[in-house]
Amino acid sequence: GFIFDASGYVITNHHVVDDTDSVTVKLADDREFTATIIGTDERTDVALLKIDDPAALPFVSFGNSDAVRVAEDVMAVGNPFGFGGTVTTGIVSGKGRTIGSGGPYVDYIQTDASINRGNSGGPLFNMRGEVIGMNTAIYSPTGGSVGVGFAVPSNVVARVVADLRDDGRVDRGWLGVRIQPVTDTIAAAMGLPGTDGALIAGVEPTGPAAASLQSGDLILSFNGQPVKRCRDLPRIVGATQPQTAVPVQVFRSGVEQTVMVTVGLLKV
């Protein structure tokens, strides 16, 4: 994990502290603290802890993960196999990865910096010393590092942590629609302008979108954010504050138009 606030707030993975009776945080100077779990979010695998120290603690700062570029140099810090404070370097191998965990709410950063068991929850730094991700998972047929590691982007971590710090839980927006990607065949058959966007296959009759959206609508942007791929929409909607009215750009009956939708609250 890593401290991101001088008052003792610590970030790590949900799976690191899940099903635990107690959590101990050990600092680089070997001091140990019993931590309080402020809250966790299984969907993004983020957990927020708090330790109490009368002195201000050193901390790291978030960078903008949206600005990260493929092939950019990065550095991972963690505790692989119990070797605390291990530093490995590499590059950003890819962005916008889906790996099965995180559901539709995380587009992972891929890196070839060596990540092994025990690196979970550690920071991924850019060369300015900013945290641009939290190391979370690896792909490996052997269980060891093969140069394919994944980190939750810092912008996702920061947003989740802000919610957890506020009330110990994460409130996500909910639209109440079923969506599917647009293939070339579907686009040609329906007269759609292209394969970008999320095609609505069904609308929940009692959902927040029922009054504004309909089956066959192609969502092109949501609250000013473009929807290039079908899987972009759940992530954007989920990050929207519930009970917020937002503009949604759709392609309907051969015409682009903008409708207003009040986002609902996703129930856990």
Side-chain angles (χ1 to χ4, degrees), residues 1-6 9-17 25-28 41 43-49 57-162 164 228-229 231-232 235 239:
F2 53 97
I3 300 170
F4 82 106
D5 185 289
Y9 283 97
V10 180
I11 299 172
T12 188
N13 282 134
H14 163 84
H15 75 257
V16 170
V17 299
V25 173
K26 184 176 182 179
L27 304 186
D41 181 47
R43 286 185 169 95
T44 56
D45 204 6
V46 175
L48 177 64
L49 316 178
L57 292 164
F59 63 94
V60 293
S61 300
F62 288 120
N64 179 11
S65 55
D66 289 343
V68 171
R69 297 175 298 173
V70 174
E72 179 178 338
D73 291 329
V74 289
M75 179 178 70
V77 181
N79 185 43
F81 309 112
F83 295 107
T86 293
V87 178
T88 55
T89 60
I91 63 170
V92 173
S93 305
K95 296 175 62 178
R97 302 302 198 197
T98 57
I99 61 172
S101 61
Y105 302 111
V106 182
D107 279 340
Y108 291 89
I109 296 171
Q110 181 185 335
T111 180
D112 68 349
S114 182
I115 295 175
N116 288 284
R117 298 183 186 275
N119 275 102
S120 293
L124 184 70
F125 289 101
N126 61 20
M127 290 299 100
R128 293 183 296 277
E130 300 166 332
V131 177
I132 51 97
M134 177 172 62
N135 305 317
T136 295
I138 61 172
Y139 173 80
S140 172
T142 64
S145 175
V146 293
V148 185
F150 300 96
V152 181
S154 59
N155 289 2
V156 174
V157 176
R159 184 169 59 248
V160 169
V161 163
L164 293 175
K228 293 292 186 181
R229 301 162 297 180
R231 63 186 178 91
D232 290 341
R235 176 176 49 81

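No side-chain donor from either of Ser145 and Asn116 sits under 3.5 Å from a side-chain acceptor of the other. Checking Asn135 against Asn119 by side-chain atom types alone, no donor-acceptor pair falls below 3.5 Å.
Residues Tyr105 and Arg43 share a closest heavy-atom pair of CE1-CD, 3.4 Å. Here the closest non-hydrogen pair linking Leu49 and Val17 is CD2-CG1, 4.2 Å. Scanning both residues, Ser120 and Val16, for their nearest heavy atoms gives CB-CG2, 3.8 Å. Nearest heavy-atom pair across Ala113 and Ala76 is CB-CB, 4.2 Å. Residues Pro80 and Gly78 approach most closely at CD-C, 3.3 Å, considering heavy atoms. Taking each heavy atom of His14 and Asp41 in turn, the nearest pair found is CB-O, 4.0 Å.
Taking 4.5 Å as the limit, some side-chain heavy atom of Asp107 sits within range of a side-chain heavy atom of Arg229. Contact check for Met134 versus Asn13: side-chain heavy atoms found under the 4.5 Å cut-off. Using a 4.5 Å cut-off on side-chain heavy atoms (C-beta onward), Val148 and Gln110 make contact.
Within 6.0 Å of CZ on Phe81 lie more than 12 heavy atoms contributed by other residues, nucleotides or ligands. Taking a 6.0 Å sphere around CZ of Arg159, one finds it holds more than 12 heavy atoms contributed by other residues, nucleotides or ligands. At most 12 heavy atoms of other shown residues, nucleotides or ligands fall within 6.0 angstrom of atom NZ in Lys228.
Judged by distance alone, the side chain of Asp112 and the main-chain N or O of Gly90 form no donor-acceptor pair under 3.5 Å. Judged by distance alone, the side chain of Asp45 and the main-chain N or O of His15 form a donor-acceptor pair under 3.5 Å. Without hydrogens or angle criteria, Asn126 side chain to Arg128 main chain gives a donor-acceptor distance under 3.5 Å. Checked by atom type and distance alone, the side chain of Thr88 pairs as donor or acceptor with a backbone atom of Ser114 at under 3.5 Å. Remark: the backbone N or O of Gly121 is not paired with any side-chain donor or acceptor of Thr12 at under 3.5 angstrom.
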Output, in order, the C-alpha distance, side-chain angles, deciding distance and verdict of side-chain contact (heavy atoms from CB on, under 4.5 Å) for Phe150 and Ile138.
CA-CA 6 Å; Phe150 300 96; Ile138 61 172; 5.8 Å; no
Yes or no on side-chain contact (heavy atoms from CB on, under 4.5 Å) for Phe4 and Val131, after CA distance, side-chain angles and deciding distance?
CA-CA 9 Å; Phe4 82 106; Val131 177; over 6 Å; no
With side-chain contact (heavy atoms from CB on, under 4.5 Å) as the criterion, how do Phe125 and Val77 come out once you've worked through the C-alpha distance, each side chain's angles and the decisive distance to 0.1 Å?
CA-CA 8 Å; Phe125 289 101; Val77 181; 3.8 Å; yes
Please evaluate residues Thr86 and Asn79 with respect to the criterion side-chain contact (heavy atoms from CB on, under 4.5 Å), reporting the C-alpha separation (whole Å), side-chain torsions for both, the decisive distance (0.1 Å), and the verdict.
CA-CA 6 Å; Thr86 293; Asn79 185 43; over 6 Å; no
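Note: Thr111 OG1 to Leu124 CG = 5.5 Å, rounded to the nearest 0.5 Å. Put simply, CD on Glu72 and CD1 on Ile91 are 10.5 Å apart, with the number rounded to the nearest 0.5 Å. Interatomic distance, CD1 of Ile11 versus OG of Ser154, reported as 10.0 Å (0.5 Å rounding). To the nearest 0.5 Å, atoms CD1 (Ile3) and OH (Tyr9) are separated by 13.0 Å. To the nearest 0.5 Å, the span separating CD on Glu130 from OG on Ser65 amounts to 11.0 Å. Distance check: Ile132 CD1 to Met127 CE gives 9.0 Å after rounding to the nearest 0.5 Å.
A perpendicular orientation is assigned to the rings of Phe62 and Phe2, their planes being inclined by more than 60° (bins at 30° and 60°).
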